[in-house]
Each structure stands twice: as structure tokens, then as C-alpha cells.
2 protein chains.
Amino acid sequence: MEEVPERLAAKPSWLITQLAVHARRLVFDGFTAAGARGYHYRILAALDEFGAASQAELGRRCRMDRSDVVAAVGGLVDQGFVDKAPDPDHGRRNKVTLTRAGAQQLQRLDRALDRAQDDLLQPLSAEDREVLTRLLTRVLARHEPK
Amino acid sequence: MEEVPERLAAKPSWLITQLAVHARRLVFDGFTAAGARGYHYRILAALDEFGAASQAELGRRCRMDRSDVVAAVGGLVDQGFVDKAPDPDHGRRNKVTLTRAGAQQLQRLDRALDRAQDDLLQPLSAEDREVLTRLLTRVLARHEPK
DNA sequence: GCCCAATGTTGGTGCGACCAACATTAGTGG
DNA sequence: CCACTAATGTTGGTCGCACCAACATTGGGC
């Protein structure tokens, strides 16, 4: 494979965005085999950890735009992984709930995601993975204000 | 800001892809101010470091699809940053050359890119940045076969 | 000389991220 | 209590980056 220009290869932004391409491909392949996409997993995970929520709250937790939440929740409803009903206590708000089938789907996706992590970080030792995770967490926190 | 589900926040693939979002925004903003996009910078950098090249070679070096190289080179030609002419030694092949104006544009983009790196890695010390870069380089190398 | 690989090009696809606008409802400050 | 603002759901877009298939054309290997 031809070499990447040095001024590119040396830039953290290049390393991160290029590695993100591979990470997405690995995760995407695993999710596709289970009939899901990234947005679906995020929503299922948020519902599982924090319980039923409005679409707006899901959007904030999953770092998704409201309009994209609409589409993703719609898909999950069609698949029976999620229920969506008007919130009785709150006029306009919807209440999105994880179904039993949704919880099972989440488990499948979790396994696929774990495999993807292993593939992604293959060359690193457990300690190196720890170091990398901590550094990335610190940097990301800086860019997710408040 | 609402908290991200833990099973997401703990995954390296999440950290990398989310950080890539911020990295791209920072770089994009800098490039946009100079009238360029990511693909343009890659090509200018490759031409500067390795000299005139065919579009296919640019694609391999810049990790771009051939078809995307066509569009990006076309844009650079329109801006006068690059010359494109049939390779006399090689029938079908094109020879893409960096112009003087293109070299200046590359310098502008380099400065913008350097500022973006600083913004991106703000919370990290110089040593931590070094560690992060080395780890990312190792992982990325694994996923760029041969 | 023939076949295969490489090249340039056109015209698509998809995901993830994002934005504007609108209607509707919930709070909040006078 | 009422007016105004904030929040919510929804529709219907845009954009960058990555990628694919197909085709015509040309070069090099056998």
C-alpha cells in the first residue's frame, strides 16, 4: 500500500478520523448482521440504562439530532424493539419504552460490538488499551461541554 | 449535557468515532475559511511530498476512491492550485502537478490544520499527545494492510 | 498478439451529522 | 391570569466522506 503523506500521517486528526473509518466499518458489519445500525444501538442502550424516555432526551443522551431520533425510533417500533406512546403526564411528549424483544436485540448488538472492539484494538495490550481509552475519554470530555 | 449510556461511553469505537466528529468539525472550519475541503488538502499534500502523480496514485496515497479523486482534482484545477495534463509517457494516465499557487494554498491549510490539532488535543500535555499519537498510529497501521 | 490489469470517468448509494421551519404544548415572568 | 418563551415532535431537506458498478481505453505480461 502506498504511503500516506507524512504531514497527514502525523496529525492526530488524521489518525482519529481514519481510524474512525475502520471502527465504523467493523461495527457496521456486526450491526448489519443483526439488522441494526448505529443509531438503533444508541437508542436501545439509552433506554436500557436510563429507562423510558422522551425522544428529545434520547437525542441528547445519544448525541443525535431530534429529527434523526424520529426516524430511528420509527424503525425500532417497526421491528418491535421499542414502544412509542404519548406521555400521559405531558401533552406533546412521547414516551419510548424498551420491549423484551428490544432488550434481547440489545444483547445481540452488545456481543457484536464487543467483537468489533477486539478487532479494532487487536495490536494493543490490555494496558495499552486502557491508556488509549483514558486519553480518548479525557479529550472527548473536553469537547462535550457541560 | 445529559450523560451518554455507559456501555457506549466505555467503548473505544465510540470514543474514536465521536472524537472524529469533533476533529472533523475543527478541521472543516479551518479549511472552509480557506476555501478547501479535506479531500483537497490530502491531494495537495501528496503532490508536495511525492511530486507529480497520476490520479490513481493519488487515490492510493490519500486513501480515496478514484472517482472522488476525479472530482477533487477537478476542483483544484478550477482554483488554479493544480495542473492536470495527459502523461506523455503513458497513454491513458494523467499527470497532476502542484502549481505555485497550490503550494501557497497548502501552506495556508497547514497552518489551519495545526491550529485544529491544538484545539483538538487541548486537554493533553505534550507527553500525553505523544503517547496518544503513537498508540493511534500502531492501531491504524494494523488496519491498513501491507 | 492476446488477455489481463490498470486508469479515468460517470453516475450512482449509504451513513452519520446537521439545519430550518412549523405546529403544538409546557412552563415562567409580569 | 396572560403573554411570551422554551421545549417537543415532525417533515423535508443539505453536506462530507466513503464506497461501488460499469464502461471505455491503454499498457504490460505471457
Side-chain angles (χ1 to χ4, degrees), chain A residues 2 8 13-14 16-32 35-43 53-75 77 84-96 143-144, chain B residues 2 8 13-14 16-32 35-43 52-75 77 82 84-96 143-144:
Chain A
E2 263 97 343
L8 256 188
S13 64
W14 168 263
I16 289 166
T17 55
Q18 282 305 111
L19 192 52
V21 171
H22 297 285
R24 282 211 255 177
R25 190 176 42 76
L26 290 171
V27 172
F28 180 85
D29 290 345
F31 281 180
T32 297
R37 286 175 304 151
Y39 278 177
H40 297 148
Y41 177 80
R42 298 192 202 178
I43 288 175
S54 73
Q55 298 182 180
E57 189 187 343
L58 289 174
R60 286 186 296 266
R61 290 206 183 282
C62 302
R63 304 299 187 257
M64 292 170 58
D65 190 88
R66 282 177 296 161
S67 59
D68 298 320
V69 175
V70 174
V73 167
V77 168
K84 170 179 169 180
D87 188 330
D89 306 337
H90 214 101
R92 188 157 185 69
R93 206 173 285 178
N94 282 332
K95 193 171 162 187
V96 182
H143 293 276
E144 297 212 320
Chain B
E2 264 95 346
L8 254 189
S13 64
W14 169 263
I16 289 166
T17 55
Q18 282 306 110
L19 192 53
V21 170
H22 297 285
R24 283 212 255 185
R25 190 177 42 77
L26 290 171
V27 172
F28 180 85
D29 289 346
F31 283 179
T32 296
R37 286 174 302 150
Y39 278 177
H40 297 147
Y41 177 79
R42 299 192 202 179
I43 289 175
S54 72
Q55 297 182 184
E57 188 187 344
L58 289 174
R60 286 187 295 266
R61 289 206 183 281
C62 302
R63 305 300 187 258
M64 291 170 58
D65 189 89
R66 282 178 296 163
S67 59
D68 298 319
V69 175
V70 173
V73 167
V77 168
V82 137
K84 170 179 170 179
D87 189 329
D89 306 335
H90 216 100
R92 188 156 186 69
R93 207 173 285 177
N94 283 332
K95 193 172 162 186
V96 182
H143 293 277
E144 297 212 321

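Labels below follow one simple rule: chain letters A, B, ... track the order of the sequence lines, proteins then strands, and each chain is numbered from 1.
Straight-line distance from the CG atom of Asp29(B) to the P atom of dC18(C): 11 Å, rounded to whole Å. The distance from atom CD1 of Ile16(B) to atom C1' of dG16(C) is 17 Å, rounded to the nearest whole Å. As a whole-Å value, the separation of Ile43(B) CD1 from dA18(D) P is 12 Å. The CG-P distance, from Asn94(A) to dT25(C), rounds to 12 Å in whole Å. Atom NZ of Lys95(A) and atom C1' of dT25(C) are 18 Å apart (whole Å). As rounded to whole Å, 14 Å separates atom C1' of dG16(C) from atom CZ of Phe31(A). The separation between Lys84(A) atom NZ and dG9(D) atom C1' is 8 Å, rounded to whole Å.
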Where do His143(B) and Leu26(A) land on the side chain to side chain contact (heavy atoms under 4.5 Å, CB included) test, with the steps shown first? CA-CA 11 Å; His143(B) 293 277; Leu26(A) 290 171; 3.9 Å; yes
Take Gln55(A) and Lys84(A), measure what side chain to side chain contact (heavy atoms under 4.5 Å, CB included) needs, and give me the verdict at the end. CA-CA 9 Å; Gln55(A) 298 182 180; Lys84(A) 170 179 169 180; 3.1 Å; yes
Before you tell me yes or no, could you show the steps for Asp29(B) and Arg25(B) under side chain to side chain contact (heavy atoms under 4.5 Å, CB included), namely the whole-Å CA-CA distance, both residues' side-chain angles and the distance that decides it to 0.1 Å? CA-CA 6 Å; Asp29(B) 289 346; Arg25(B) 190 177 42 77; 4.1 Å; yes
N/O contacts under 3.5 Å, protein versus nucleotides 10-12 of chain C?
residue : atom : partner  : partner atom : Å
dG11(C) : O6   : Ser67(B) : OG           : 3.3

Show the distances under 3.5 angstrom between N or O atoms of the protein and N or O atoms of nucleotides 26-29 of chain D.
residue : atom : partner  : partner atom : Å
dG27(D) : OP1  : Gly91(B) : N            : 3.1

Identify the pairs formed between an N or O of the protein and an N or O of nucleotides 15-17 of chain D at a distance under 3.5 Å, and give each distance.
residue : atom : partner  : partner atom : Å
dC17(D) : OP1  : Gly38(B) : N            : 3.3

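Residues Ala23(B) and Thr17(A) approach most closely at CB-CG2, 4.2 Å, considering heavy atoms. Minimum interatomic distance between Ile43(A) and Leu58(A) (heavy atoms only, all atoms of both residues): CG2-CD1, 4.1 Å. Between Asn94(A) and Pro86(A), the shortest heavy-atom distance links the atoms OD1-CA, 3.8 Å.
Between the two ends of the helix from dG1(C)-dC30(D) to dG30(C)-dC1(D), each summarised by a five-pair axis, the helix axis turns through 30° (rounded to 10 degrees).
In this structure Phe31(B) satisfies the ring-ring contact (aromatic ring centres under 6.0 Å, His included) test together with Tyr41(B), sequence neighbours excluded. With sequence neighbours excluded, no residue forms a side chain to side chain donor-acceptor pair (under 3.5 Å) with Lys95(B). Scored by the side-chain contact (heavy atoms from CB on, under 4.5 Å) test, Arg37(A) finds His40(A) as partners (sequence neighbours excluded). Among residues two or more places apart in sequence or in another chain, the salt bridge (Lys or Arg N to Asp or Glu O under 4.0 Å) test is passed with Arg61(B) by Glu57(B). Residues passing the side chain to side chain donor-acceptor pair (under 3.5 Å) test with Arg24(B): none are found, sequence neighbours excluded.
Expressed to the nearest 0.5 Å, how far CG of Leu19(A) lies from OG of Ser13(B) amounts to 10.0 Å.
In this structure a side-chain-to-backbone donor-acceptor pair under 3.5 Å is missing from Arg93(A) to Ser54(A).
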Acceptor/donor pairs from residues 63-75 of chain B side chains to any protein atom, 3.5 angstrom cut, sequence neighbours excluded:
residue  : atom : partner   : partner atom : Å
Arg63(B) : NE   : Glu144(B) : OE1          : 3.3
Arg63(B) : NE   : Glu144(B) : OE2          : 3.0
Arg63(B) : NH1  : Glu2(A)   : O            : 3.1
Arg63(B) : NH1  : Arg60(B)  : O            : 2.6
Arg63(B) : NH2  : Glu2(A)   : O            : 3.3
Arg63(B) : NH2  : Glu144(B) : OE1          : 3.0
Asp65(B) : OD2  : Ser67(B)  : N            : 2.9
Asp65(B) : OD2  : Ser67(B)  : OG           : 2.6

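Contact check of residues 54-63 of chain A against DNA chain D (heavy atom, cut-off under 4.0 Å) returns Ser54(A), Gln55(A), Ala56(A), Arg60(A).
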